[in-house]
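Keep in mind that what you see is a predicted model, and the values were worked out from it rather than measured.
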Amino acid sequence: MSRKVRAEVDLAAIRYNYDLARRQAPAAQAAAIVKANGYGHGAVQVASALEPDVPAFGVACIEEALELRDAGIEKPIMLLEGCFDADELEQVDSLNFWPAVHSEHQLQALESATFKNRFPVFLKIDSGMHRLGFQPAEVASVVARLQALSCVAEVILMTHFARSDEPQEGATRHQLEAFASITGAEGLAACLSNSAAVMAWPDAHRNWLRPGMMLYGATPFLEPNAVADQLQPAMTLTTEVIALRDVEPGEAVGYGGTFVCERPTRIATIAMGYGDGYPRHAKNGTPVVIHGQRAAVAGRVSMDMMTIDVTDIPGVEIGDRVELFGKQLPVSEVAVWCDTIPYTMVTCLTPRVPRYYSE
Ligand SMILES: *Cc1c(COP(=O)(O)O)cnc(C)c1O
């Protein structure tokens, strides 16, 4: 017997979701974002499944890019934050990584190095998020400096949205206007859209897309969205019931006694906790699915276990499978109960959760 926690990853769903992203902007190319271990789904497995379809991948740092190369992935890999140290440029050159350049520091490193190959450079512009990038007024001179370098095959303008997941919000419109006002960059390709912009901001599509979360089948929106509602959940997180008991009204369940039974309550203990990456912040009432029906978290999530109220679900037995999120229960819905977003739900799963893959 072993602990029965498992995360099943449906690679066909990821391919479907990638295709859905691409169909939103047929004229654009879409780099598949597989940073943070493919949002917890396994970067190598996800990249291997998508490689025949994608022009490039995107990751956060060179360590993630090297992991993909070591596993035999051959397509170009964007470094979304560029190089953190000048000595990474040698690998950019030899391994076909495509760097972002977001600062004078990175630009000078590129100007000081020598290269054997040519590669596209993503010039990161701060159009209003104020996290990374050159100011719009600096762009003309940075473009000129990049174009003067023999290693730069193409300059692609890049920016990132702070609030594209809020379709009614003016901030994205302002960022688009700031981007459009850039002079001295006429005729250059542009790369703007994260998942939310792929689905909600057609004006942002331009030449290159950078979908991440949507590939894994979770919506970044709190409201319904015609495209996001077609996504197929890629990960299903399940475990088993390991204990059952009847608890009297007035008795409390779990650490801190935060759930007090209001009726004779059947409590199922399941093998899942924050040591697996399931959020400790899950409130009482957070849904799970057992026997195809919803049951509710009752009591605090502990490190290795959680307790759920199965009073209204007859016939629950030890060994029954419980879905925490996935095909029957959207991760974005569970995230709301945990005061978080689907991104953290999947990215924070720990190595204690074995991933199983299906095509
Ligand atoms: C993570 C990231 C993305 C992908 O964002 P999603 O919301 O997951 O689609 C795109 N661009 C940059 C710069 C990122 O860091």
Engineer: Does the pair Asp276 and Arg6 meet the rule for a salt bridge (Lys or Arg N to Asp or Glu O under 4.0 Å), with working shown?
Structural biologist: CA-CA 10 Å; Asp276 303 294; Arg6 50 193 291 146; over 6 Å; no

Engineer: Can you list, pair by pair, the side-chain donor-acceptor contacts under 3.5 Å of residues 340-347, counting residues two or more places apart and other chains?
Structural biologist:
{"from": "Thr340", "atom 1": "OG1", "to": "Thr344", "atom 2": "OG1", "distance (Å)": "2.6"}
{"from": "Thr344", "atom 1": "OG1", "to": "Ile341", "atom 2": "O", "distance (Å)": "3.2"}
{"from": "Thr347", "atom 1": "OG1", "to": "Tyr343", "atom 2": "O", "distance (Å)": "2.6"}

Engineer: So Lys283 and Asp339, do their side chains get closer than 4.5 Å, heavy atoms only?
Structural biologist: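 SC-SC contact between Asp339 and Lys283 confirmed.
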
Engineer: Let me confirm one number: the OG1-CZ distance from Thr219 to Phe221, rounded to the nearest 0.5 Å.
Structural biologist: 5.5 Å

Engineer: Between Arg321 and Thr238, is any side-chain donor less than 3.5 angstrom from a side-chain acceptor?
Structural biologist: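 Judged by distance alone, the side chains do pair up.
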
Engineer: Could you tell me the separation between the CD atom of Glu67 and the SG atom of Cys61, rounded to the nearest 0.5 Å?
Structural biologist: 10.0 Å

Engineer: Can you confirm whether more than 12 heavy atoms, excluding those of Glu74, are under 6.0 Å from its CD atom?
Structural biologist: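 No, not enclosed.
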
Engineer: Determine whether Asp19 and Arg23 satisfy the following criterion, salt bridge (Lys or Arg N to Asp or Glu O under 4.0 Å), listing intermediate values before the conclusion.
Structural biologist: CA-CA 6 Å; Asp19 190 57; Arg23 279 187 276 133; 3.1 Å; yes

Engineer: I'd like to check Cys348 versus Tyr274 (side-chain heavy atoms, cut-off strictly below 4.5 Å). Are they in contact?
Structural biologist: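 Cys348 does not reach Tyr274 side chain to side chain.
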
Engineer: With Asp304, which of Arg3, Arg280, Arg352 fulfils salt bridge (Lys or Arg N to Asp or Glu O under 4.0 Å)?
Structural biologist: Arg352

Engineer: For Lys4 and Asp320: C-alpha separation, side-chain torsions, deciding distance, then whether salt bridge (Lys or Arg N to Asp or Glu O under 4.0 Å) applies.
Structural biologist: CA-CA 10 Å; Lys4 295 297 192 290; Asp320 286 353; over 6 Å; no

Engineer: If you count every heavy atom of other residues, nucleotides or ligands that lies below 6.0 Å from Leu222 atom CG, does the total exceed 12?
Structural biologist: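 Counting neighbours around CG of Leu222, 12 or fewer heavy atoms of other residues, nucleotides or ligands fall under 6.0 Å, so no.
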
Engineer: Under 3.5 Å, is there a donor-acceptor pair between the Trp98 and Asn96 side chains?
Structural biologist: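 A donor-acceptor contact under 3.5 Å links the two side chains.
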
Engineer: Between atom CZ of Arg266 and atom OG1 of Thr311, what is the distance when rounded to the nearest 0.5 Å?
Structural biologist: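 Interatomic distance, Arg266 CZ to Thr311 OG1, rounded to 0.5 Å: 9.0 Å.
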
Engineer: Give, for atom OG of Ser332 and atom CE of Met213, the distance between the pair rounded to the nearest 0.5 Å.
Structural biologist: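 If we round to the nearest 0.5 Å, Ser332:OG and Met213:CE are 8.5 Å apart.
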
Engineer: Are Arg300 and Tyr255 in a cation-pi setup, meaning NZ or CZ lies under 6.0 angstrom from the ring centre and within 45 degrees of the ring axis?
Structural biologist: no

Engineer: Is there side-chain contact between Ile267 and Ile308, with at least one heavy-atom pair below 4.5 Å?
Structural biologist: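 With C-beta onward as the side chain, the pair stays apart.
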
Engineer: Answer yes when Asp203 and Arg173 have at least one side-chain N-carboxylate O distance shorter than 4.0 Å, and no when they do not.
Structural biologist: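 Counted as a salt bridge, because a side-chain N and a carboxylate O are separated by less than 4.0 Å.
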
Engineer: Any non-hydrogen side-chain atom of Leu79 less than 4.5 Å from a side-chain atom of Glu64?
Structural biologist: no

Engineer: How long is the gap from OG on Ser94 to CG on Asn117, to the nearest 0.5 Å?
Structural biologist: 8.0 Å

Engineer: Side chains of residues 119-128: which donor-acceptor pairs under 3.5 Å do they make with residues two or more places apart or in other chains?
Structural biologist:
{"from": "Asp126", "atom 1": "OD1", "to": "Gly128", "atom 2": "N", "distance (Å)": "3.1"}
{"from": "Asp126", "atom 1": "OD1", "to": "Met129", "atom 2": "N", "distance (Å)": "3.4"}
{"from": "Asp126", "atom 1": "OD1", "to": "His130", "atom 2": "N", "distance (Å)": "2.9"}
{"from": "Asp126", "atom 1": "OD1", "to": "His130", "atom 2": "ND1", "distance (Å)": "3.3"}
{"from": "Asp126", "atom 1": "OD2", "to": "His130", "atom 2": "ND1", "distance (Å)": "2.9"}
{"from": "Asp126", "atom 1": "OD2", "to": "Gln135", "atom 2": "NE2", "distance (Å)": "3.4"}
{"from": "Ser127", "atom 1": "OG", "to": "Thr159", "atom 2": "OG1", "distance (Å)": "2.8"}
{"from": "Ser127", "atom 1": "OG", "to": "Gln175", "atom 2": "NE2", "distance (Å)": "2.9"}

Engineer: How about Arg210 and His160: does a side-chain donor come under 3.5 Å of a side-chain acceptor?
Structural biologist: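 Arg210 vs His160: donor-acceptor pair found between side chains.
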
Engineer: Is Glu223 atom CD crowded by more than 12 heavy atoms from other residues, nucleotides or ligands, each under 6.0 Å away?
Structural biologist: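 At most 12 heavy atoms, drawn from other residues, nucleotides or ligands, come within 6.0 Å of this atom.
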
